[in-house]
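Please read these numbers as outputs of a predicted model, since none were measured by experiment. Index from 1, following the sequence.
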Amino acid sequence: MTATAAGALSLGVGLLVLAVKFLAYRLTGSVALYSDALESVVNVAGAAAASLALRVSSAPPDRNHPYGHTKAEYLSAGFEGGLIAVAAVLILLGAFRRLFSPEPLPRLTEGIALSAGSTVVNGALGWYLLARARKESSPALSADGIHLWTDVVTSLGMVLGLAAAKLTGLWRLDPLLGLLLAGNILWTGYRLVRDSLGGLIDEGLSPATVAAIEASLAREGPPFAQVQGLRSRRAGRTVFVEFTLVLPGSLAVREAHELCDRMEAVVRRTVPQASVTVHVEPVEEGRSPRSELA
């Protein structure tokens with residue numbers, strides 16, 4: 001299944017789960033179940049945005065976008081993070097109102113059962129989306145999968161808390177659970193927005209990955225070649241890596257070209273989805289260029 005198809009699957013399942021969770025809330029009037037249902041609204045809106053972003057990002061490069069359209073996925077991740085913040089505010093308002101006037105919840109057993117069933121579905125979908133995100137290097141699918149797993153964890157805690165409230169009669173646990181849910185999804189929203197902004201401002205590869213690339217180039221390159229000014233940036237599913245290769249001026253063009261191809265292959269063994277650009281600079285015979293591995 002392609003990344004675009006996975007986004008469409010997420011949207012369809014999200015609509016189904018949303019209907020089930022709102023039914024659970026309508027049966028019980030629980031603030032915690034209301035919080036869970038609101039988060040599902042965000043899931044659906046985020047899945048719709050991710051599906052659209054995946055369609056845009058899969059378009060090939062064109063005259064106006066020679067580097068492709070993959071950064072559209074960061075907009076989707078940022079949009080979902082913003083929606084999470086809005087949902088958290090709505091949850092906080094409802095929880096504070098109920099906190100000072102707790103009341104028994106009707107039909108709680110049915111509500112808990114519906115919520116637990118939808119949580120199992122979300123868990124399976126979240127696991128699948130994260131697996132596809134790793135394979136496709138897709139920020140949009142990753143954001144959607146992370147959000148679903150956050151939903152799973154918070155829903156499990158909510159189900160256990162509501163079960164405890166039913167057994168003990170401590171109905172104030174319901175709004176307290178809502179407050180905890182709000183705090184948890186706010187943290188998730190912050191992470192999504194932070195990762196999205198990092199991609200939009202051309203955040204590079206991690207220091208560990210850069211070090212691995214440098215080590216591979218130094219190990220597999222010929223002793224007379226020096227790598228300088230290695231730089232990287234992310235753009236959705238694509239990673240751009242560029243560096244200068246300093247070679248003896250007497251080297252034939254064909255030999256220099258073959259060496260560049262070899263060095264590009266070395267980089268792609270560390271970062272398979274990388275688009276590599278190598279700039280060749282000559283050095284005078286008998287002089288050793290100064291290595292500036294970034």
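Checking Thr270, Leu205, Val278 one by one against Val241, the side chain to side chain contact (heavy atoms under 4.5 Å, CB included) holds for a single residue, Leu205.
The two residues Thr28 and Gly111 come nearest to each other via the heavy atoms CG2-CA, 4.0 Å. Across Pro61 and Pro66, no two heavy atoms sit closer than the pair CB-O, 3.4 Å.
Leu180 and Leu99 fall into different hydrophobic clusters, defined by Ile, Leu, Val, Met, Phe, Trp and Tyr side-chain heavy atoms under 4.5 Å apart, directly or through other members. When hydrophobic clusters are built by joining Ile, Leu, Val, Met, Phe, Trp and Tyr residues whose side-chain heavy atoms come closer than 4.5 Å, directly or via intermediates, Val20 is not grouped with Val13. Hydrophobic clustering (side-chain heavy atoms under 4.5 Å, transitive across Ile, Leu, Val, Met, Phe, Trp, Tyr) keeps Val159 apart from Leu173. Each of Ile112 and Leu27 belongs to its own hydrophobic cluster when Ile, Leu, Val, Met, Phe, Trp and Tyr are linked at side-chain heavy-atom distances under 4.5 angstrom. When the side chains of ILVMFWY residues are joined at heavy-atom separations under 4.5 Å, either directly or via intervening members, Leu33 and Leu23 end up in two distinct hydrophobic clusters.
Residues passing the side chain to side chain contact (heavy atoms under 4.5 Å, CB included) test with Ser275 are Thr238, Phe240, sequence neighbours excluded. With sequence neighbours excluded, no residue forms a salt bridge (Lys or Arg N to Asp or Glu O under 4.0 Å) with Arg262. Trp187 is linked by a side chain to side chain contact (heavy atoms under 4.5 Å, CB included) to Tyr190, Arg191, counting only residues two or more places apart in sequence or in another chain. The salt bridge (Lys or Arg N to Asp or Glu O under 4.0 Å) search around Arg107 returns Glu110, not counting sequence neighbours. Remark: Phe22 pairs with Leu18, Tyr25, Ala37, Val41 by the side chain to side chain contact (heavy atoms under 4.5 Å, CB included) rule, at least two apart or across chains.
Using a 4.5 Å heavy-atom threshold, the side chains of Arg132 and Leu9 count as separate. Side-chain contact between Leu125 and Val17 is absent, with no heavy atoms from C-beta onward closer than 4.5 Å. At a threshold of 4.5 Å between non-hydrogen side-chain atoms, the residues Leu259 and Phe224 count as touching. Proximity of Val227 to Thr244: side-chain heavy atoms (C-beta onward) are nowhere separated by under 4.5 Å. Annotation: side chain of Leu177 is not in contact with side chain of Val31 (no heavy-atom distance under 4.5 Å). The shortest distance between side-chain heavy atoms of Asp174 and Leu105 falls below 4.5 Å. Residues Phe243 and Ile213 have side chains not in contact (no heavy-atom distance under 4.5 Å, counting atoms from C-beta outward).
Around atom CZ of Arg269, more than 12 heavy atoms belonging to other residues, nucleotides or ligands sit under 6.0 Å away.
Atoms CZ and CG, from Arg134 and Leu129 in turn, are 11.0 Å apart once rounded to the nearest 0.5 Å. The CZ atom of Arg219 sits 9.0 Å away from the CG atom of Leu217 when rounded to the nearest 0.5 Å. Remark: Gln228 CD to His279 NE2 distance equals 10.0 Å, nearest 0.5 Å.
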Verdict with supporting geometry, Leu108 and Trp171, side-chain contact (heavy atoms from CB on, under 4.5 Å): CA-CA 11 Å; Leu108 188 56; Trp171 298 110; 3.8 Å; yes
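The stretch residues 56-67 participates, sequence neighbours left out, in no salt bridge (charged side-chain N to carboxylate O under 4.0 Å, His left out) pair at all.
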